[in-house]
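Step one of this worksheet: look at the structure below.
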Amino acid sequence: MSAELKSEERSLNFLEEIIEQDLKEGKYKQIVTRFPPEPNGYLHIGHATSICLNFGLTKKYGGYTNLRFDDTNPVTEETEYVESIKDDVKWLGFEWKNELYASDYFDKLYEFAITLIKKGLAYVDDSTSEEIATQKGTPTEPGKRNKYADRSIEENLQLFEEMKAGKYKDGEKVLRAKIDMESPNMIMRDPLLYRIKHAYHHRTADKWCIYPMYDFAHGQSDSIENITHSICTLEFVPHRELYDWCIEKLEIYPSHQYEFARRNMTYTVMSKRKLLQLVNEKHVTGWDDPRMPTISGMRRRGYTAAALREFCDRVGISKRENIVDVGLLEFFVREDLNKKALRRMVVFDPLKVVITNYAASEEILTSENNPEDPNSGTREIPFSNELYIERDDFMETPSKKYFRLAPGQMVRLKSAYIIKCENVIKDEAGNITEIQCTYIPESKSGSDTSGINVKGTLHWVSVKHAISAEIRLYDRLFKVEDPSSGEGDFKDYINPDSLQIIKSVFAEPALKNAHLADSYQFIRKGYFVLDKDSSTSGMIFNRTVGLKDSWAKASK
RNA sequence: UGGCCUAUGGUGUAAUGGUAACACAACUGAUUUUGGUUCAGUCGUUUAAGGUUCGAAUCCUUAUAGGCCAACCA
């Protein structure tokens, strides 16, 4: 409820303003958007921004959003990608009205091309790609039209028909729009509409050997679907002129294109080409490697859909170049997980503690599952006279602000007793092998009558009850904030320590029942989630994100 | 040497001609059986120069900086 209040207080972004204006003027009864991925890679956090935008807008203003695969280039597109994209959109929590494909419109698009030819607005060009590039001029010099532009409508019709029939090899001919070779906008210098590709298409198979270019497919697809607001990223701004030209000449439903700045994030890369490279060259284990900025990677890492949605909403959109701090995303992940994650105790680097005055062999203690959520219940934790604590929770000669265990000092064991360090045992090499402590019986958690106040509380695990698990600690994939902007190859900036594996940690028994996709907070350690690599023989946990650690910062 | 887009704290976004603000980050302090959470506070911003105006982050001009455009990619 307070979240609703907040969103109402929040001001409109420039697209919401446009839409509210359109609605006010009665331009549309409802708005229709689309999310138009090309199935040539997995979706990343930048796409999540677009998804939240497109689906969020129609949810807010009434209308619907289509999922449309922009599959006009058969050589890079695969069904695997189609499936992953659908999974990701669903997981993010959105429902599309129609699942569509640009390839659904290939017949229609072919008709559109014929229409343009008949209007004298398109021609078949026999030039090579090099010739076309040369004739196009440069941003500062106008281009020149070649002789093929003079072909008759009849000839163009016949040649285009022959292109479709497979009479020509790849690259032998193209269909171009006849617009303006001298336009200051390079896109308008007789852009290519169709090219020949004798390639198998993931949906139309071998039906076609000519395929429309983006500029001749996207706007028309929008138009066919009656998209009211076609939202894309800034690099398509110059294409808008052609987008509008096609709609005007074809006299079809006038969809309109609006552009916003793509989302960049620190310490990662966001282009599908680069991500594909990381996958292909095995710098990561796959598209869903938890270090990847992909939606599937983040999901596997333990980021929640709610956190991603909140991130997209709260960061907002604009038209300026940006690189958002990955720390902001991590903030929303922590904010969400703090409310939801069950608390568990896990010791990563064990140091044995023996309670010398503990007479019973063991007892069962209870602890809250999540202090932030009273409905989360409690769990049982076995306690005994032999425990593990974290090695860095003990210091033989502590610094002044060190609140943890040290000779003669007392600490609280979380949900258990206060203990006092009496003796330090070392091996011959001088390594600490064991800490001997006494406990304060009347300091039991929940019924503490000891009157003792301690500054530090430690997590712990009973030695004989501990279960084992593997832990994967992830760090940023790159060492620098913007790997793409530096000199040289972005891969030069890969962080060699982005994955640290701890083969065996000691966990409290309650963790045995961990489920995939359940998030846990390992107390004082961070948020973790069970990885799909886990088997019956061993559990593997991914670190989603660490806890804020002001002590680590202060002690530096 | 063409055209287009954009410039607000460290970062991301507001303010729509009328008091420059919110979140994150950073820093203090309080609370705390997680050095977590929570709470209170501090820090710091309109690229520059002109112009219009009673009044400009906002409108205009110029400059500067960054981005995009010369793929048979999207």
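In what follows, chains are A, B, ... by sequence order, proteins preceding strands, each numbered from 1.
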Any [X] side-chain N or O less than 4.0 Å from OP1/OP2 of [N]:
X: A:T72; N: B:A74; value: yes
X: A:R240; N: B:G3; value: no
X: A:S550; N: B:G36; value: yes
X: A:K548; N: B:U37; value: yes
X: A:S415; N: B:U33; value: no
X: A:K197; N: B:C73; value: yes

Between [N] and [M], how far is it from one [atom1] atom to the other, in whole Å?
N: B:A20; M: B:A14; atom1: C1'; answer: 9 Å
N: B:U47; M: B:U37; atom1: C1'; answer: 40 Å
N: B:G67; M: B:G55; atom1: P; answer: 37 Å
N: B:C22; M: B:G66; atom1: C1'; answer: 26 Å
N: B:G50; M: B:A56; atom1: P; answer: 13 Å
N: B:A63; M: B:G2; atom1: P; answer: 11 Å
N: B:U61; M: B:A25; atom1: C1'; answer: 38 Å
N: B:A65; M: B:U1; atom1: P; answer: 12 Å

side-chain hydrogen bond (donor to acceptor under 3.5 Å, both in side chains) with A:E225: which of A:R34, A:Q220, A:R68?
-> A:R68

Can you tell which of [options] lies closest to the side chain of [X]?
X: A:M186; options: B:G35, B:G36, B:C69; value: B:C69
X: A:E38; options: B:G12, B:A71, B:C73; value: B:C73
X: A:R263; options: B:U13, B:C5, B:U34; value: B:U13
X: A:N338; options: B:U13, B:U37, B:A23; value: B:U37
X: A:I323; options: B:C4, B:G36, B:G12; value: B:G12
X: A:N322; options: B:G35, B:A70, B:G12; value: B:G12
X: A:L234; options: B:U13, B:C5, B:C72; value: B:C5
X: A:T140; options: B:U1, B:G35, B:G36; value: B:U1
X: A:R404; options: B:C72, B:G36, B:G35; value: B:G35
X: A:H239; options: B:C72, B:G12, B:A74; value: B:A74

Any N or O donor-acceptor pair linking the side chain of [X] to the base of [N] at under 3.5 Å?
X: A:R334; N: B:G36; result: no
X: A:E321; N: B:G12; result: no
X: A:R412; N: B:U33; result: yes
X: A:T457; N: B:U34; result: no
X: A:E141; N: B:U1; result: no

Are A:K167 and A:E161 close enough for a salt bridge, meaning some N to O gap below 4.0 Å?
-> no

Hey, is A:E330 close enough to A:R476 for a salt bridge, meaning N to O under 4.0 Å?
-> yes

Which comes earlier along RNA chain B counting from the 5' end, the contact point of A:I187 or that of A:L328, where each point is its nearest nucleotide?
-> A:L328

Most 5' of A:K319 and A:I523 on RNA chain B, judged by nearest nucleotide | A:K319

Using a cut-off of 4.0 Å on non-hydrogen atoms, how would the nucleic acid contact of [X] be classed: base, sugar-phosphate, or nothing?
X: A:Q521; answer: base
X: A:F236; answer: base
X: A:K553; answer: sugar-phosphate
X: A:V237; answer: sugar-phosphate
X: A:G526; answer: nothing
X: A:I317; answer: sugar-phosphate
X: A:T76; answer: nothing
X: A:T233; answer: nothing
X: A:Y402; answer: base

Over 60° means perpendicular and under 30° means parallel, so tell me whether [X] and [Y] are parallel, tilted or perpendicular.
X: A:H47; Y: A:F35; result: perpendicular
X: A:F160; Y: A:Y110; result: parallel
X: A:W287; Y: A:Y42; result: parallel
X: A:Y211; Y: A:H201; result: parallel

If you draw the axis of the six-membered ring of A:Y101, does the NZ or CZ of A:R203 fall within 45° of it and under 6.0 Å from the ring centre?
-> yes

In the strands shown, is [N] matched to any nucleotide by a Watson-Crick or G-U wobble pair with both distances under 3.5 Å, and which?
N: B:C59; value: B:G51
N: B:G29; value: B:C39
N: B:C24; value: B:G10
N: B:U1; value: none

For the pair A:Y303 and A:F332, evaluate ring-ring contact (aromatic ring centres under 6.0 Å, His included) and give the outcome as yes or no after the intermediate values.
-> CA-CA 9 Å; A:Y303 287 18; A:F332 289 114; over 10 Å; no

Using the aromatic ring of A:F331 (for Trp, its six-membered ring), decide whether it stacks on the base of B:A23 within the limits of 5.5 Å and 30°.
-> no

Is_stacked (A:W551, B:G35) at 5.5 Å, 30 deg | yes

